[in-house]
> 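Before I ask anything, let me first share the structure, which is written out below as structure tokens.
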Protein chains: 2
Amino acid sequence: MTSAESGLPGIPGPTAAGRSKASGTAGTALGSAARLRVATPSVADRVAAELRLQLAEGLLLPGARLTESTISEELGVSRNTIREAFAELAAERLVVRHPNRGVFVATLGPGEIHDVYTVRRFIEVSAIRGGGSPERVAAVRAAVEEGKAAAAADDEEALGSANQHFHGAIVALAESRRLNAIMAQVLAEMRLFFHKATVDAHFYRSYLDDNEKICKALEAGQLDRAGDLLLAYLNNSEEKQRGVHGD
Amino acid sequence: MTSAESGLPGIPGPTAAGRSKASGTAGTALGSAARLRVATPSVADRVAAELRLQLAEGLLLPGARLTESTISEELGVSRNTIREAFAELAAERLVVRHPNRGVFVATLGPGEIHDVYTVRRFIEVSAIRGGGSPERVAAVRAAVEEGKAAAAADDEEALGSANQHFHGAIVALAESRRLNAIMAQVLAEMRLFFHKATVDAHFYRSYLDDNEKICKALEAGQLDRAGDLLLAYLNNSEEKQRGVHGD
DNA sequence: AATCTCAGAATTGTTCAACAATTCTTCAAT
DNA sequence: ATTGAAGAATTGTTGAACAATTCTGAGATT
């Protein structure tokens with residue numbers, strides 16, 4: 001694609017406000033039909049979602065600059081709307097605003113990585129120590145199996161996802177909307193610097209055993225033990241990350 | 001004030017872009033002089049800060065609607081900028097966006113209150129169990145004394161602030177930027193529903209003893225005991241809140 | 001060659017005005 | 001009382017404009 005007109009996923013056609021673009025009526029019928037009763041996310045939200053996706057896929061590397069006009073053209077959305085999306089992403093720390101200089105993909109130095117792991121230690125360990133309903137525990141188990149399957153299929157990408165699902169499921173034990181949101185945000189931040197150093201096969205694979213053990217302890221109701229294992233895992237993981245990245 | 005031109009604190013004079021408003025040159029000199037080397041926060045940020053303040057002071061009660069045009073006029077800021085500020089506040093959960101209907105001050109039902117306390121239990125208890133440097137412990141002590149002074153002066157407002165400082169100081173033990181930010185956000189949410197029911201003098205005052213005990217345990221290095229006390233305090237506090245608000 | 005300076009280009013910050021889409025109001029008709 | 005249909009108000013989004021700031025690249029200076 002060279003000069004995209006509407007690069008946004010979801011609802012296809014732009015409705016063309018402004019005073020330009022003769023605004024062909026084609027597609028309008030389908031658009032209103034599809035909008036059954038679900039509140040359509042705003043364009044700004046969709047832009048934010050799209051950028052979040054590109055961030056997660058490593059298409060936008062840390063430190064990269066996000067120029068308003070470029071994205072505006074690329075996505076066929078006005079600059080003002082882009083700015084609204086930026087405000088969202090900045091609040092999520094995925095992106096940093098330098099006044100008068102622009103927004104950049106967040107870069108996580110050694111200190112920041114430690115900070116992220118501190119949050120994870122606090123939340124994940126507390127969550128697992130609190131246990132959870134059988135359904136939630138089953139979800140943790142499912143994530144473990146998902147990881148095994150990915151390993152068997154030699155799918156690195158899926159392995160990484162499974163690992164994140166595992167940790168997400170652990171926090172979900174607490175059944176807290178806010179904790180889930182916080183964890184999701186932290187995991188999104190982590191994806192950011194996962195792309196910097198290409199992780200080798202052994203990197204993720206070594207986690208599988210840990211996850212299995214943690215899950216088993218959880219299922220057996222040995223919550224303190226599960227917490228200790230998880231804590232050790234997180235410490236170990238941080239050390240490895242620290243090794244891979246600067247310092 | 002009837003038709004405010006620049007209701008924003010901080011940097012006084014609006015620079016008047018657009019094509020209107022003859023833009024008197026008065027005040028410009030002082031403005032640039034004051035902007036020594038500190039990155040001036042954007043207007044959107046200042047709007048968000050102002051709204052955050054009004055929210056904290058109970059000037060904007062939960063459920064209240066924030067109309068773009070009204071705030072735009074009131075603060076002498078364009079609608080687009082207001083929207084950017086809204087995006088910030090929505091990300092902080094202080095405000096909720098109903099598509100095509102507007103933004104409203106967030107309301108916290110019983111479930112939400114429980115959720116907020118869940119986050120606090122996770123973070124605060126973990127933080128105090130981890131202990132902290134002498135300086136950070138001293139900061140906790142300072143918050144306790146601040147509360148005592150406020151009680152002696154019969155200053156309800158200050159008592160509330162001191163209490164929040166106390167809990168903020170506990171999280172600060174962990175020396176984590178992100179945890180501090182999360183806690184600040186949660187406390188901001190709590191301020192939201194504190195204004196609903198006017199808390200009587202005994203409400204806060206009963207906390208003073210708890211805080212003192214917790215602080216003493218912390219200073220004595222009895223971290224587990226401090227954690228237990230804090231946990232009990234939080235459970236008790238949640239129950240009281242639940243009693244005051246619609247159950 | 002290294003660096004300083006300064007005009008011009010590019011970009012961000014902010015505003016205004018317009019209009020489509022949606023929601024809210026009002027008021028009559030059944 | 002319920003329904004329905006103008007009409008008013010508000011949000012969502014755009015495009016254009018311009019001030020302020022930062023970036024860039026030649027020359028000029030040491």
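Letters A, B, ... are given to chains in the order of the sequence lines, protein chains preceding strands, and every chain is numbered from 1. Side chains are part of it too, since the values below use all heavy atoms of this structure and drop only hydrogens, waters and symmetry mates.
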> To the nearest Å, give me how far apart CZ (Arg79(B)) and P (dT14(C)) are.
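Checked: the CZ to P distance equals 17 Å.
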
> Of all heavy-atom pairs between Pro62(A) and Val105(A), which one has the smallest distance, and what is that distance?
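Closest approach of Pro62(A) to Val105(A): CA-CG1, 3.5 Å.
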
> Roughly, in whole Å, what's the span from CZ in Arg83(A) to P in dT15(C)?
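To the nearest whole Å, that distance equals 10 Å.
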
> Side chain of Thr81(B) only, heavy atoms from C-beta on: which candidate in dT15(C), dG13(C), dT13(D) is closest?
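Nearest to the side-chain atoms of Thr81(B), counting from C-beta on, is dT15(C).
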
> Any donor and acceptor pair, going by atom type alone, linking the side chain of Ser176(B) with main-chain N or O of Leu179(B) inside 3.5 Å?
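Present.
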
> State, without any angle test, whether Glu50(A) and Gln54(A) hold a side-chain donor-acceptor pair at a distance under 3.5 Å.
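Side chains of Glu50(A) and Gln54(A): pair found under 3.5 Å.
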
> Given atom CG of Asp45(B) and atom C1' of dT14(C), what is their separation to the nearest angstrom?
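So the CG-C1' distance, Asp45(B) to dT14(C), works out to 13 Å.
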
> Is a salt bridge present between Arg52(B) and Glu92(B), judged by a nitrogen-to-oxygen distance below 4.0 Å?
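Yes, Arg52(B) and Glu92(B) are salt-bridged.
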
> Between Glu84(B) and Arg65(B), which is nearer to the 5' end of DNA chain C once each is assigned its nearest nucleotide?
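Looking at DNA chain C, the more 5' nearest nucleotide goes with Glu84(B).
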
> Starting from P on dT11(C), measure out to CD on Glu68(A) and report it in whole angstrom.
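In whole Å, dT11(C) P lies 11 Å from Glu68(A) CD.
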
> Let me spell it out: for each of Ile82(A) and Asn100(A), pick the nucleotide of DNA chain D with the closest heavy atom. Which residue's pick is nearer the 5' end?
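The answer here is Ile82(A).
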
> In whole Å, I'd like the distance from the CZ atom of Phe86(B) to the C1' atom of dG12(D).
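Rounded to whole Å, this separation is 13 Å.
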
> Return the value, rounded to whole Å, for the distance between atom CG of Leu75(B) and atom C1' of dT14(C).
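Atom-to-atom, Leu75(B) to dT14(C), this comes out as 14 Å.
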
> Ignoring hydrogens, what is the shortest heavy-atom contact between Ser72(B) and Arg79(B)? Give both atom names and the distance.
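Closest pair (atom of Ser72(B), atom of Arg79(B), distance): OG-N, 3.8 Å.
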
> Report yes if a side-chain nitrogen or oxygen of Ser69(A) is closer than 4.0 Å to either non-bridging phosphate oxygen (OP1 or OP2) of dA10(C); otherwise report no.
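For dA10(C), neither OP1 nor OP2 has a side-chain N or O of Ser69(A) closer than 4.0 Å.
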
> Under 3.5 Å, is there any donor-acceptor pair linking the side chain of Arg97(A) to the base of dG13(C)?
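By the distance-only test, no, there is no pair.
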
> For the side chain of Thr67(A), starting at C-beta, report the closest nucleotide among dT12(C), dT15(C), dT14(D).
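Nearest nucleotide to the side chain: dT12(C).
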
> Can you tell me how far P of dT14(D) sits from CD1 of Ile71(A), to the nearest Å?
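Computing the Ile71(A):CD1 to dT14(D):P distance gives 14 Å.
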
> Between C1' on dG13(C) and CG on Asn80(B), what's the gap in Å once rounded to a whole number?
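It is 11 Å, rounded to the nearest whole Å.
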
